[in-house]
Amino acid sequence: MSDPAIRVTNLGKKYQLGRKSHEVALVAHPSLRETLTHGVQRLFDRRGAGRRSGEEFWALRDINFEVGQGEVIGIIGRNGAGKSTLLKILSRITEPTTGKVQIKGRVASLLEVGTGFHQELSGRENIYLNGAILGMSRGEIARKLEQIIDFAEIEKFLDTPVKRYSSGMYVRLAFAIAAHLEPEILVIDEVLSVGDAEFQKKCLGKMNDVSQREGRTVIFVSHQMMAVERLCSRALLIEQGTLRMENRDVGSVIRSYLSGAQKNNALSSGSEWRNTDGKLDNPWFQPHRLFLADGAGAPLSMPVGNEAEIWLHIEADFKTLDSALTVGYDIYAESGELLYRSYQTDAREEEWPRLRLGRAVLRGRIPPRLLNEGTYRIDLIAALYFRQWIFEPGTANPSVFLEVHGGVGASPYRNVKRVGLIAPVVPWELWEGK
């Protein structure tokens, strides 16, 4: 049996809160601004040393796992769980505080937009730079150059300094370099979400080729549960810096993650969520309560039937009436697949609900006679259209759970769960056509 590509033993990473790392090179000739800034920082460090010196934060603690050669591992968990810290240690960007990591082979990482690029160099020059870092000869890189350019689709900008690239162009080039320069281990973080849907699909296909056909090891971190389940042969669930679950049944790991995803800075009791500590705030609106109700606004008791009238109520303080504000929900199946997304701005503009300043309840309907028997997670999402996310999908947003039992509609013939993700009841008739 061959040695594993990666072996992680008793791994831990500790940070000192309120202090900046001194593991950086000193500037030989600091500017006046740098000198003054450093002096002020030292003054505040001395003043706060007594009250902050004991504050420690373990981003990772007692992590143990192995990854076989050619294996594709998915790492999932909430934002802040420690996933990115783990990847930085695996990529040799940062050192662990305790434990050790043994890696067999060259590692190529795609962790953050622009990581590994020299801003003043062109795309072409950065391809050669990254190849050299991986230990490849100029001839080896040249043989891969055309494939990288074709995949990244940036031929027109190849000799342009990358500091002028958009985030999407960065990711295209970075992934093309990482995937085509033949590292033994490919480490991919959520950065792929920057690209458009077509490019994401292209990247997932390439990762499948890299693992299945070329036998290379892939470490994949994503909030896209469907991609994790399709691509990965094993999954790890990281929670609060610890490895909570590891299984080759990727679906079971995803379900465990989703079942705990509603536990954020608030209180959730299944079909109702409350922002009890008031931390989830932003300049546009502050959500106070989410709950599932019937058409008259009465809270629903779970489970409900497939034919029930169900509304998601979003009670919030609307603080800025921005015309770009879109509020909605994502609904996920037990498998982690996104069934559909809905916004209050999906219909014609004249049909949008008119938001007003102050406390209000915005509600969206969940279509009756659509969902199959099962448990569904419904996440709050919100954005300023094409400007920024307020509550970004897949980031452990406020959520409630909907339980549907009793088969399909009111039919005496359909009182058990139907195969398939959804179970719509659609009209049927005898057509007396011409």
*Determine the sole option in L90, I6, I185 for which the side chain to side chain contact (heavy atoms under 4.5 Å, CB included) test with V107 is passed.*
I185
*Pairwise distance NZ(K83) to CD1(I219) - rounded to 0.5 angstrom*: 14.5 Å
*What pairs with E403 under salt bridge (Lys or Arg N to Asp or Glu O under 4.0 Å), at least two apart in sequence or on another chain?*
none
*Of the non-hydrogen atoms in D379 and S399, which two are nearest, and what is the gap between them?*
OD1-CB, 3.0 Å
*Short question: side chain of N372, backbone of G420 - any donor-acceptor pair under 3.5 Å?*
yes
*asked:* Restricting to non-hydrogen atoms, name the atom on V187 and the atom on S91 that form the minimum distance, rounded to 0.1 Å.
replied: CG1-OG, 4.0 Å
*Could you tell me whether E351 atom CD has more than 12 heavy atoms of other residues or ligands within 6.0 Å of it?*
yes
*Side chain K206, main chain H180, donor-acceptor under 3.5 Å*: no
*asked:* Would you call the rings of F391 and F285 parallel, tilted or perpendicular, taking 30° and 60° as the class edges?
replied: perpendicular
*Would you indicate whether the side-chain heavy atoms of N126 and Y165 approach each other to under 4.5 Å?*
no
*Is there a donor-acceptor pair closer than 3.5 Å between any side-chain N or O of T85 and the backbone N or O of A59?*
no
*Looking only at non-hydrogen atoms, find the nearest pair between H313 and G297 and report the distance.*
CE1-CA, 3.9 Å
*Enter the distance from D150:CG to L145:CG here, rounded to the nearest 0.5 Å.*
9.5 Å
_Greater than 12 external heavy atoms within 6.0 Å of E146's CD_ = no
*Could you go through the side-chain contact (heavy atoms from CB on, under 4.5 Å) check for R92 and S109 one step at a time?*
CA-CA 10 Å; R92 300 188 177 100; S109 304; over 6 Å; no
*Do E272 and R289 pass the side-chain contact (heavy atoms from CB on, under 4.5 Å) test, and can you show the C-alpha distance, the side-chain angles, and the key distance before you say yes or no?*
CA-CA 7 Å; E272 182 180 11; R289 183 186 178 206; 2.8 Å; yes
*asked:* I need the minimum non-hydrogen distance between V101 and I89, along with the two atoms involved.
replied: CG2-CG2, 3.8 Å
*Would you check if the side chain of N397 reaches a backbone N or O of E392 as a donor-acceptor pair within less than 3.5 Å?*
yes
_Quick check for you: to the nearest 0.5 Å, what is the distance between F65 atom CZ and I238 atom CD1?_
7.0 Å
*Side-chain contact test, heavy atoms from C-beta onward, threshold under 4.5 Å: evaluate it for E307 versus V425 and give yes or no.*
no
*Please test S84 against D189 for side-chain contact (heavy atoms from CB on, under 4.5 Å), starting from the C-alpha separation and ending with a verdict.*
CA-CA 7 Å; S84 294; D189 203 350; 3.2 Å; yes
*If you look at every heavy atom in K417 and E373, which pair is closest and at what distance?*
CE-O, 3.1 Å
*Decide yes or no for V327 and I390: does some side-chain heavy atom of the first lie under 4.5 Å from some side-chain heavy atom of the second?*
no
*E155 atom CD, over 12 foreign heavy atoms within 6.0 Å*: no
*Separation of I314 CD1 from R363 CZ (nearest 0.5 Å)*: 12.0 Å
*Ring centres of F401 and Y332 under 6.0 Å apart?*
no
*Would you say the side chain of R61 lies within less than 4.5 Å of the side chain of Q240, judging by non-hydrogen atoms?*
no
*asked:* Would you call the rings of Y15 and F57 parallel, tilted or perpendicular, taking 30° and 60° as the class edges?
replied: parallel
*Can you tell me if E309 uses its side chain to pair, donor with acceptor, with the backbone of D294 under 3.5 Å?*
no
*Would you find a donor on one side and an acceptor on the other, under 3.5 Å apart, between the side chain of T326 and the backbone of A383?*
yes
*Where do I127 and L173 land on the side-chain contact (heavy atoms from CB on, under 4.5 Å) test, with the steps shown first?*
CA-CA 8 Å; I127 293 173; L173 181 58; 4.0 Å; yes
*Would you mind checking if R248 and E71 are paired as a salt bridge, meaning a charged N to carboxylate O distance below 4.0 Å?*
yes
*Check side chain to side chain donor-acceptor pair (under 3.5 Å) between K319 and all other residues, then give those that pass, not counting sequence neighbours.*
D281
*Calculate, to the nearest 0.5 Å, the distance between atoms CZ and CG belonging to R377 and L338 respectively.*
9.5 Å
*For K144, does its backbone N or O pair with a side-chain atom of Q147 as donor and acceptor, under 3.5 Å?*
no
*Give the minimum heavy-atom separation between K13 and T94, together with the two atoms involved.*
NZ-OG1, 3.3 Å
*Side chains of N275 and L290: closer than 4.5 Å at any heavy-atom pair?*
no
*Can you tell which of T345, L384, T320 makes a side chain to side chain contact (heavy atoms under 4.5 Å, CB included) with L325?*
L384
*Nearest-0.5 Å distance that lies between atom CD in Q286 and atom CG in D317*: 6.0 Å
_Between D346 and Y343 (side chain of the first, backbone of the second, donor and acceptor by atom type, cut-off under 3.5 Å), is there such a pair?_
yes
*Does R356 make a cation-pi contact with F318 (under 6.0 Å, within 45 degrees of the axis)?*
no
*Would you say the side chain of Y340 lies within less than 4.5 Å of the side chain of I366, judging by non-hydrogen atoms?*
yes
*asked:* Within the structure provided, determine whether N306 and R414 are in side-chain contact (heavy-atom separation under 4.5 Å).
replied: no
_Taking the side chain as everything from C-beta on, heavy atoms only, tell me whether I331 gets closer than 4.5 Å to L312._
no
*Within the side chain of S211, is there an N or O that forms a donor-acceptor pair under 3.5 Å with the backbone of G70?*
no
*Using salt bridge (Lys or Arg N to Asp or Glu O under 4.0 Å) as the criterion, list what pairs up with E120, not counting sequence neighbours.*
K163
